[in-house]
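Residue numbers start from 1 in every chain, and the chains themselves are labelled A, B, ... in the order their sequence lines are given, proteins ahead of strands. Reckoned from all heavy atoms, side chains included, excluding hydrogens, waters and symmetry mates.
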Protein chains: 2
Amino acid sequence: MVSIKDVAKKANVSTATVSRVISRPEAVKEETSMKVMKAIHELKYQPNVLARQLRKLETKTILVIVPDITNTFFSKVLRGIEYVAVSKGYKVLLGDAGNDVAREGEFLNVLRQKQADGIVLLTARMETSLIEEFALDYPLVLACEYIEGSTIPTVSIDNISGARKATEYLISLGHKKIGMITGPLNVVLGRDRLKGFSQAMARHDLPVEPSLVQEGNFTYDSGYNMMLKFLALSNPPTAVFAANDEMAFGAVKAVKDRRMRVPEDISVIGFDDIEFSSIFEPPLTTISQPTFEIGTTAMELLLKLINEDELTRNQYILEDKLIERQSCVSNNNPL
Amino acid sequence: MVSIKDVAKKANVSTATVSRVISRPEAVKEETSMKVMKAIHELKYQPNVLARQLRKLETKTILVIVPDITNTFFSKVLRGIEYVAVSKGYKVLLGDAGNDVAREGEFLNVLRQKQADGIVLLTARMETSLIEEFALDYPLVLACEYIEGSTIPTVSIDNISGARKATEYLISLGHKKIGMITGPLNVVLGRDRLKGFSQAMARHDLPVEPSLVQEGNFTYDSGYNMMLKFLALSNPPTAVFAANDEMAFGAVKAVKDRRMRVPEDISVIGFDDIEFSSIFEPPLTTISQPTFEIGTTAMELLLKLINEDELTRNQYILEDKLIERQSCVSNNNPL
DNA sequence: ATTTAGAATGTAATCGATTACAATCAGGTT
DNA sequence: AACCTGATTGTAATCGATTACATTCTAAAT
């Protein structure tokens, strides 16, 4: 291990000078600088970042807690975070909870032990009071999810308006009997998308029949099963809004298995626009989230927090977008 | 920031004793220990890990370089790595190259600067000499990819035998005219899967016609286009082996767009068994890689390297598996 | 030649832990 | 009482950088 002392000795200067050559070259004479650089190269010196960090009490590392790294939605957000982080000289520590809520909280110790300068949470399923407290002590940004009534800086889309948009699209196609497969209603995300659905229906004076709202859990299987329930109805919906794409896939599959067609017999719209949605058959009409931008915005926000810059606001709502593909069609089955 | 000194003062002992209470409690008297613990709790003391790491010259962190984090194949391997890492008290630094070869190499500095104790490479596209040199100086494990003729510890499946297995499966179904859509042939992975294909054909005395081997680049679009080439032949293949699932999806789509059916008119087999292969229509027959196990094995291997344990061998070949779904069927179109 | 300001460099404290070594203590032996 | 041993605890060096402050140099001004 070659340290700054070795370089200093070799170049016949003090360690202070070596340090200055590295961090503030303008403060040292050209000639000395050359000498030092030469020694650095000859010894292949690499500063020990741990020592630097200890001295400066900063790590140039941020922690990202992800509920499930194998979910492309999150990995795309993560990529956005990484992109900005690396460009600003930060490294990204990954905390993958593997869909286990208990593990999410454990990662917080990384911050407490000063091994990261800040944290981005892509999940808010742990105790909200814990998160709130934590945000008081450390730079923290919420992305994708949010906590109701909290002032923690948050980046996300407006899930209510997104869901409303999806529903109104179906309505604009002439559908009146519309079913919804919701996400789990114990998380804000699930509730918000249902809320958007209800708002759209109300705005157009359409009734929301309880039998046409089924609670899923964001999985393919739940989408499949809930659609089966709809199809068992004496008077099934002509269109279905699934709160995410996986459930929409399951729903479409259920329709096909019943020897019916999407979109001819039933229109289906999803939410998220994941990778496979365009490859799926029929290509899925859905609401697209700006995943990469959510990531970059969250990271930029965190950087401001770390640098104690003034925040102009703490809720950043990004634009979602309706992606029209081929799983929805005008209602040709008027009551 | 409360440090060990504050605790020492409060408990009326030296910092050495506090340190011992934390790391070797058996070396300090019960009574003192209690006093110290009390102070620790009252002050909510958290040891500064940076300082500890600096002193011990270890970081309890490993770096994983991923070519593309949004690819579920890699994120599953990553999850395996994380799983073992966290259970052994290690943290995972993520280096996502975003499919940019140049960025892969940049992450190596993290190691040089002693910010990680070891590294797992899920890609070997940078200069092999660079990797070889690096492996001399730092604990390094290759996962998924490998370098020909290298002694670097490697965890992967046997791509040649996997490809052979896929091809022989088609042959066992009575197919004789079999096409292959390869991966890029400038990477070992691509070459190996082609090699396996050729071996299987040779073993069964089947000719490999040049027009029936098309080079793709692992993307959906390339699969689509190469299949189009096959279909334009006067005598197209009755079965096609695509070197990964994405290309297989594209290939199937091409067949459908030509108003033919998979598997009735053409059988298609893929490689990797990614998430959507089972949802795809028809559900894709493919070779499944034990992604999670690749990750766990790689991490365990790296741990051994870090602890300087003896390695019994340096090539770990895990078992792949043929997953029979519905995209392949017996040849009903004998020449 | 002397003074002086500003540039360049060096000295040593510091960040917060760990740990080799030294010092002290408690209790048992003689 | 004097001595010894092993258990406990304390002192201070150490890890490798950064940086406040002190010192020395340089060159221009007087």
Side-chain angles (χ1 to χ4, degrees), chain A residues 1-40 43-61 89 91 109-117, chain B residues 1-40 43-61 89 91 109-117:
Chain A
M1 259 299 300
V2 10
S3 80
I4 198 169
K5 276 188 194 164
D6 304 313
V7 177
K9 196 178 296 172
K10 177 143 197 153
N12 221 346
V13 296
S14 73
T15 61
T17 301
V18 177
S19 177
R20 277 189 283 259
V21 169
I22 292 169
S23 53
R24 291 192 303 127
E26 72 280 4
V28 18
K29 221 201 298 179
E30 180 81 18
E31 190 189 329
T32 332
S33 195
M34 298 293 266
K35 253 194 328 188
V36 172
M37 290 304 280
K38 189 156 159 284
I40 288 181
L43 294 173
K44 292 191 182 164
Y45 167 69
Q46 287 277 348
N48 181 317
V49 183
L50 279 181
R52 176 183 299 165
Q53 290 173 352
L54 172 59
R55 182 58 224 254
K56 295 191 163 185
L57 292 180
E58 64 172 19
T59 63
K60 289 285 179 181
T61 299
K91 289 169 295 304
N109 269 329
V110 172
L111 265 275
R112 297 203 184 92
Q113 297 172 346
K114 303 281 177 300
Q115 294 191 88
D117 297 342
Chain B
M1 257 299 299
V2 11
S3 81
I4 198 169
K5 275 189 196 165
D6 306 313
V7 177
K9 196 179 296 171
K10 178 142 198 156
N12 223 343
V13 295
S14 73
T15 62
T17 300
V18 176
S19 176
R20 276 189 285 258
V21 168
I22 292 168
S23 54
R24 293 191 301 126
E26 72 280 5
V28 18
K29 221 203 296 180
E30 180 81 19
E31 190 189 328
T32 333
S33 195
M34 298 291 267
K35 253 195 329 192
V36 172
M37 290 304 279
K38 187 155 161 284
I40 288 181
L43 295 173
K44 291 190 183 168
Y45 168 68
Q46 286 278 349
N48 181 315
V49 183
L50 280 180
R52 175 184 299 167
Q53 290 172 352
L54 172 60
R55 183 58 222 256
K56 294 192 163 183
L57 292 179
E58 66 172 19
T59 64
K60 288 283 178 182
T61 298
K91 289 168 295 302
N109 270 329
V110 173
L111 264 276
R112 297 203 184 91
Q113 296 172 346
K114 303 281 177 296
Q115 295 191 88
D117 298 341

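- In this structure, the side chain of A:Asn109 does not engage the main chain of A:Arg112 through any donor-acceptor pair within 3.5 Å.
- When each of B:Pro47 and B:Arg20 is assigned the nucleotide of DNA chain C with its nearest heavy atom, B:Pro47 is the one assigned upstream, toward the 5' end.
- Every residue meeting the side-chain contact (heavy atoms from CB on, under 4.5 Å) condition with A:Lys29, not counting sequence neighbours, appears here in chain and number order: A:Glu31, A:Thr32.
- When all heavy atoms are compared, the tightest approach of A:Leu111 to A:Ala116 is CD2-CB, 3.7 Å.
- Between the CE atom of A:Met34 and the C1' atom of C:dA8 there is a distance of 17 Å, rounded to whole Å.
- Between its two ends, the helix from C:dA1-D:dT30 to C:dT30-D:dA1 turns its axis by 70°, counting five pairs per end and rounding to 10 degrees.
- Ranked by how close their nearest DNA chain D nucleotide is to the 5' end, B:Thr32 and A:Arg55 are led by B:Thr32.
- DNA chain D is contacted by both B:Leu54 and A:Lys29; B:Leu54 maps to the nucleotide lying nearer its 5′ end (nearest heavy atom per residue).
- Taking 4.5 Å as the limit, some side-chain heavy atom of B:Lys91 sits within range of a side-chain heavy atom of A:Val110.
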Check residues 2-25 of chain A and write down every donor-acceptor pair under 3.5 Å in which the side-chain atom is one partner and the other belongs to a residue at least two apart or another chain.
{"from": "A:Ser3", "atom 1": "OG", "to": "A:Lys5", "atom 2": "N", "distance (Å)": "3.2"}
{"from": "A:Asp6", "atom 1": "OD2", "to": "A:Ser3", "atom 2": "N", "distance (Å)": "2.6"}
{"from": "A:Lys10", "atom 1": "NZ", "to": "A:Glu42", "atom 2": "OE1", "distance (Å)": "3.3"}
{"from": "A:Ser14", "atom 1": "OG", "to": "A:Ala16", "atom 2": "N", "distance (Å)": "3.4"}
{"from": "A:Ser14", "atom 1": "OG", "to": "A:Thr17", "atom 2": "N", "distance (Å)": "3.4"}
{"from": "A:Ser14", "atom 1": "OG", "to": "A:Thr17", "atom 2": "OG1", "distance (Å)": "3.4"}
{"from": "A:Ser23", "atom 1": "OG", "to": "A:Ser19", "atom 2": "O", "distance (Å)": "2.9"}

Where do A:Gln46 and B:Lys114 land on the side chain to side chain contact (heavy atoms under 4.5 Å, CB included) test, with the steps shown first? CA-CA 9 Å; A:Gln46 287 277 348; B:Lys114 303 281 177 296; over 6 Å; no
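- Legend: side-chain hydrogen bond (donor to acceptor under 3.5 Å, both in side chains) pairs involving residues 51-61 of chain B, not counting sequence neighbours, sorted by first then second residue: A:Gln115-B:Gln53, B:Thr59-B:Asp117.
- Within residues 3-19 of chain B, the residues that have a heavy atom under 4.0 Å from DNA chain C are, in order of number, B:Ser3, B:Ile4, B:Ala16, B:Ser19.
- Judged by closest nucleotide on DNA chain C, B:Leu50 is the one of B:Arg24 and B:Leu50 placed further toward the 5' end.
- Between B:Glu30 and B:Met34, some side-chain heavy-atom pair lies under the 4.5 Å cut-off.
- Here OH of B:Tyr45 is found 12.0 Å from CE of B:Met37. Values are rounded to the nearest 0.5 Å.
- Residue A:Leu54 comes nearest to B:Ala51 through the heavy atom pair CD1-CB, 3.9 Å, listed as atom of the first residue, atom of the second, then distance.
- If you take CD of A:Glu26 and P of C:dG6, they are 18 Å apart, rounded to a whole angstrom.
- In 5' to 3' order, the nucleotides of DNA chain D bounding all contacts with chain B (an atom under 4.0 Å from a heavy atom) are D:dT8 to D:dG16.
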